[in-house]
Amino acid sequence: MLDREKKKKTIYQEMTGSGMSRRQFLKLCATIAAVLGLDFSQTDRVVQAMEREEKLPFIWLHYQDCTGCSESFIRSSHPTAGDLLLNYISLNYHENLTAAAGEATERAKKETMEKYKGKYILAVEGSIPRDEFFIAGGRTAAEQVREAAANAGAIVAIGSCATHGGIAAAHPNPTGAMRLQDVIPDKTVIQVPGCPPISEVMAGVVVHYITFGTLPELDHRGRPKAFYSQRIHDTCNRRAYFDAGLFVESFDDENAKNGYCLYKVGCKGPTTYNSCAQLRWNGGISFPIQSGNPCIGCSEENFWDNGPFFTRQAHLPGLSKPLNPDQVGAIAVGAAVAGVAVHATATAISKKRTNNTVDREEKKGENMHV
């Protein structure tokens, strides 16, 4: 047993053993630090963690979901899915990705929970139904979750189904779908909402835990602040059109072709907290709003029941009165006109003062001459 323990490799050894050069390793660490929002000086901490830590044991449970979160996870580009699965983590249990099946996978899960108490990460994808809607191996979903969560080093709710109940919990919620936190209320759960979440967000949570041995800083809803501290609206590439009052009226009009703001056709960007506009999707290529589809607010609580997807919202956070988007342009123009008027008035006053000063100096000069 001791000999086997001595042969364990660190993450760095795993990487270099698979052909990665030192230069490539350092470049990857710098990229990871950037994704995590770390200061450049903290890149060394990422490097040291990779050189010191072993691959992280992972248990990933599925319940009422579409497996879209797993699909997103394996499409991470910073780091890549290959890096995550082969170098960073040891995916000991995942119904779709583990090679074994049946009793062999259940045995692997049990061994992981016993051997790595307080060290493994538990990820849960999908909402938790009432007991009568899920029985596997003679056990309910809630029983399985509580057992796996008991000795986990960190617990992550992956996707909107696990964080908020998702589509399964939409009215009238026939299965009594619950979010993960409701099943284990005494545990700290890292909430990673989205349908699905951005792959780099999930990867970032994993790498942060490896690097610092602690949970990332969370907001009041349990979401990682590094990824959920801003509204999509705040960094949207169409924000300037919103401020100017230039909106798409229908999906096939000229305004849509010009890339104007999608707020009138239901965009929930002003009320949705996520990193879509910054990290984007598919290796940073694009995100829904950029490609012409309004944000549906999938990372917000009860997003499926928050009204029609393609109907504009009447109220924005921070405003005491409902916003009429038709007035935004007028407000912007009014502000501009007001600004011009103020500038013109200030210029006139300054000019008048200058002329008065000149007149006094000229008069003073004439008196002295006399």
Side-chain angles (χ1 to χ4, degrees), residues 34-35 37 72 159-160 163-164 166 191-202 204 217-251 253-282 284-336:
V35 170
S72 179
S160 291
T163 58
H164 302 136
Q191 310 288 347
V192 184
C195 191
I198 301 172
S199 53
E200 281 73 21
V201 173
M202 296 186 285
E217 186 179 1
L218 307 177
D219 66 12
H220 67 289
R221 292 187 178 180
R223 302 171 298 189
K225 280 187 175 182
F227 304 108
Y228 294 94
S229 60
Q230 286 187 307
R231 300 174 302 167
I232 292 175
H233 184 66
D234 297 330
T235 53
C236 179
N237 64 302
R238 298 177 187 243
R239 175 62 187 268
Y241 292 120
F242 176 91
D243 293 339
L246 300 174
F247 297 96
V248 172
E249 302 290 341
S250 65
F251 288 107
D253 67 7
E254 194 64 28
N255 293 351
K257 297 175 184 178
N258 291 331
Y260 290 175
C261 177
L262 298 167
Y263 178 66
K264 278 192 177 184
V265 287
C267 184
K268 306 295 191 299
T271 56
T272 301
Y273 288 81
N274 211 332
S275 299
C276 298
Q278 298 146 297
L279 296 179
R280 308 192 182 190
W281 294 79
N282 299 321
I285 294 175
S286 186
F287 72 109
I289 295 174
Q290 183 177 343
S291 62
N293 192 81
C295 168
I296 63 173
C298 71
S299 59
E300 294 304 304
E301 190 169 357
N302 302 321
F303 85 94
W304 195 258
D305 289 329
N306 287 337
F309 287 158
F310 303 112
T311 300
R312 78 187 188 201
Q313 291 179 280
H315 188 268
L316 290 177
L319 296 179
S320 58
K321 295 181 179 180
L323 172 68
N324 181 352
D326 295 320
Q327 296 175 348
V328 173
I331 293 172
V333 172

Using atom types as modelled and distance alone, determine if a side-chain donor or acceptor of S299 lies under 3.5 Å from a backbone N or O of P193. no
From the list D219, T163, L218, side chain to side chain contact (heavy atoms under 4.5 Å, CB included) with Q191 holds only for T163
Can you see which heavy atom on N255 is nearest to which on F247, and at what distance? ND2-O, 2.8 Å
Taken in chain and number order and not counting sequence neighbours, the residues that satisfy ring-ring contact (aromatic ring centres under 6.0 Å, His included) with Y260 are Y241
With no hydrogens and no angle check, is any side-chain donor or acceptor of D253 less than 3.5 Å from a backbone partner on S250? yes
How far does CZ of R239 sit from OH of Y263, to the nearest 0.5 angstrom? 12.0 Å
Would you say the side chain of F242 lies within less than 4.5 Å of the side chain of L262, judging by non-hydrogen atoms? no
Point-to-point distance, once rounded to the nearest 0.5 Å, from CG of N274 to OH of Y228: 5.0 Å
Tell me which one of L279, N237, I198 satisfies side chain to side chain contact (heavy atoms under 4.5 Å, CB included) with F287. N237
Nearest-0.5 Å distance, OG1 of residue T272 to NE2 of residue H233: 11.0 Å
Please report the interatomic distance CG(L246) to CZ(R238), rounded to the nearest 0.5 Å. 12.0 Å
Smallest separation among heavy atoms of G266 and P294, with atom names: C-CB, 4.0 Å
Could you give the distance from CD (Q230) to CD (Q278), rounded to the nearest 0.5 Å? 5.0 Å
Could you tell me the separation between the CZ atom of F310 and the CG atom of N293, rounded to the nearest 0.5 Å? 5.0 Å
If you take all heavy atoms of C195 and C298, which pair is closest and at what distance? N-SG, 3.2 Å
Non-hydrogen atoms of R231 and D234 that approach each other most closely: NH2-OD1, 2.8 Å
Can you see which heavy atom on S291 is nearest to which on P288, and at what distance? OG-O, 2.9 Å
Search all heavy atoms of F309 against all heavy atoms of K268 and return the closest pair with its distance. O-NZ, 3.3 Å
